[in-house]
Amino acid sequence: MGWNSWNKFECKINETIIREIADALVRTGMKDAGYEYITVDDCWQIGRDSLGNILADPERFPSGMKSLVDYVHSKGLKFGIYSDAGTQTCQGRPGSRGYEFQDARTYAKWGVDLLKYDWCNHGKQNAEASYTIMRDAVYKAGRPMVLSICEWGTNKPWEWGASIGHTWRTTEDIINCFDCKNNWGGLGVLQIIDLQVEIGGYSGPGHWNDPDMLEIGNGVLTANEERSHISMWSMFSAPLIAGNDIRNMSAQTNEILTNKEVLAIDQDSLGISATRWMKYGDLEIWFKPLNDHNFVFCFLNRSNQPVTINQDLKTIIKNYKVDGSYNVRDVWKHKDNGTTEVNIKGTIAGHDVLMLKLTRKYYSRR
Ligand code: GLA
């Protein structure tokens, strides 16, 4: 869990913003809720010196990266940086191709804790080999770092990423909308969700599918859509990387980002990525087993119209070879909602979710 500069600031970043974001993470309770990594995405770098060392933009980062990293660390947070496996980043800044070991040494010297490693301008490079070089470079540099593979799913990184990095992007970039697509390759929340259906099984502790950063608080999604966004990412046990200006976020955005009951589902120690159990037209029911024989169901209403439900959950549980009765809790309303002995009834607003945690009353394994 953390924050990344790209979704909100793109190239318009500087050290003041990053310091203020670090302060805001602490002030707003985001840090206490678990958001820990602050990652400076593309555009921090400007060139290389005569020895090939990567240089931060001195106008935007006049105090240098080391002092920024120290500041972030002084808040009890971790620092992430961005580079690219090709010759240039997506914004035309220097990539790490040919400089992998030197760059990893530099990041280690600065105290970096996470590297997001992108895939622009890779020419004919092989993806698995390119990410392996950076993995080895980080090992060699001797500082533990999360290696966040940002290859957009093009070469099925879920098939080879587990021994190379800790997370891998599964799709093209998220765009700030719930249900849309654009032709340069951006995907809305629903379009990203659809691409997780087949690959959930590849994700697990230490090697996670990454459906990209959050667009919560960026002014376009409705509260319903924002709830669906973070709920589904939590169903996937996905990295939760906030992408908004948390210095000025509304109380509502803060509440959505820090709902502890939802975050606990994301962070559940089994780390299972949910299965889409049912699809009734625009209504989907997603299912995720949790630690301690508990479960969570997330009803996702894809349409912008309300939908009425009358759903037996007992049968679904039986399909997973577990009998017994479960207490049902609505983790958005923070309210208990009966047991699995009776059907779940109600209305789900357009583009909203009903996220129910089932806690075992008693159970027997068949
Ligand atoms: C790619 C990545 C994004 C972001 C930009 C920066 O598009 O997928 O997440 O890092 O590059 O240029």
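- In this model, a donor atom of one side chain and an acceptor atom of the other lie less than 3.5 Å apart for Asn310 and Asn343.
- Checked by atom type, the side-chain pair Ser67/Arg19 shows a donor-acceptor distance below 3.5 Å.
- The pair Arg169-Asp212 meets the salt-bridge criterion, with a side-chain N (NZ, NE, NH1 or NH2) lying under 4.0 Å from an Asp/Glu carboxylate O.
- Atom NZ of Lys333 sits in a sparse spot, with 12 or fewer heavy atoms from other residues, nucleotides or ligands closer than 6.0 Å.
- Each of Trp233, Phe297, Phe295, Phe236 was compared with Trp286 under the ring pair (Phe, Tyr, Trp, His ring centres under 6.0 Å) criterion, and only Phe236 meets it.
- Through ILVMFWY side-chain contacts below 4.5 Å, Tyr71 is grouped with nothing and stands alone.
- Among residues two or more places apart in sequence or in another chain, the side-chain contact (heavy atoms from CB on, under 4.5 Å) test is passed with Thr339 by Ser325, Asn327, Glu341, Lys361.
- Each salt bridge (Lys or Arg N to Asp or Glu O under 4.0 Å) pair with one or both residues in residues 223-234, not counting sequence neighbours, appears once here: Arg227-Asp352.
- Leu358 and Ile272 end up in different hydrophobic clusters when Ile, Leu, Val, Met, Phe, Trp and Tyr side chains are linked at under 4.5 Å.
- Using modelled atom types and a 3.5 Å distance limit, the side chains of Tyr37 and Asp113 yield no donor-acceptor pair.
- The pair Arg302-Asp179 does not count as a salt bridge, with every side-chain nitrogen at least 4.0 angstrom from each carboxylate oxygen.
- Arg93 places no side-chain N or O within donor-acceptor distance of the main-chain N or O of Trp44, the cut-off being under 3.5 Å.
- Lys12 and Ser5 are not linked by any side-chain donor-acceptor pair at a separation below 3.5 angstrom, with hydrogens and angles left out of the test.
- Ion pairing between Lys314 and Asp312 fails under the 4.0 Å rule for side-chain N and carboxylate O.
- Side-chain contact annotation: Asn218 with Glu215, donor-acceptor N/O pair under 3.5 Å present.
- Applying the salt bridge (Lys or Arg N to Asp or Glu O under 4.0 Å) rule to pairs touching residues 252-261 yields Glu261-Arg329, sequence neighbours excluded.
- In this model, a donor atom of one side chain and an acceptor atom of the other lie less than 3.5 Å apart for Ser269 and Asn291.
- Remark: the Asp42 side chain and the Thr89 side chain contain an N/O donor-acceptor pair separated by less than 3.5 Å.
- Surrounding CD of Glu159 are more than 12 heavy atoms belonging to other residues, nucleotides or ligands, all under 6.0 Å away.
- With hydrogens and angles disregarded, a donor-acceptor distance shorter than 3.5 Å links the side chain of Asn301 to the backbone of Ala349.
- In this structure, Asp268 has no salt bridge (Lys or Arg N to Asp or Glu O under 4.0 Å) partners at least two apart in sequence or on a different chain.
- Side-chain atoms of Ser228 and Ser231 include no donor-acceptor pair closer than 3.5 Å.
- For the salt bridge (Lys or Arg N to Asp or Glu O under 4.0 Å) condition, the pairs that include at least one residue of residues 66-90, sequence neighbours left out, are Asp23-Lys75, Glu36-Lys78, Lys66-Asp70.
- Remark: side-chain polar atoms of Asn182 are paired, donor with acceptor, to backbone N or O of Gly186 under 3.5 angstrom.
- Side-chain atoms of Ser273 and Gln196 include no donor-acceptor pair closer than 3.5 Å.
- Judged purely by distance below 3.5 Å, without hydrogens or angles, the side chains of Asp41 and Asn4 pair a donor atom with an acceptor atom.
- With no hydrogens or angles considered, a side-chain donor-acceptor pair links Gln102 and Asn53 at under 3.5 Å.
- Taking the centre and axis of the six-membered ring of Tyr99, the NZ or CZ atom of Arg48 falls inside the cone set by 45° and 6.0 Å.
- Side-chain atoms of Arg60 come within 3.5 Å of backbone atoms of Ile13 as a donor-acceptor pair (strictly under, hydrogens ignored).
- Under the 4.5 Å side-chain criterion, counting only non-hydrogen atoms from C-beta, Val331 is not in contact with Leu356.
- Heavy-atom contacts from other residues, nucleotides or ligands closer than 6.0 Å to NZ of Lys357 number 12 or fewer.
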Q: Please test Trp168 against Tyr131 for ring pair (Phe, Tyr, Trp, His ring centres under 6.0 Å), starting from the C-alpha separation and ending with a verdict.
A: CA-CA 11 Å; Trp168 48 81; Tyr131 283 92; over 10 Å; no
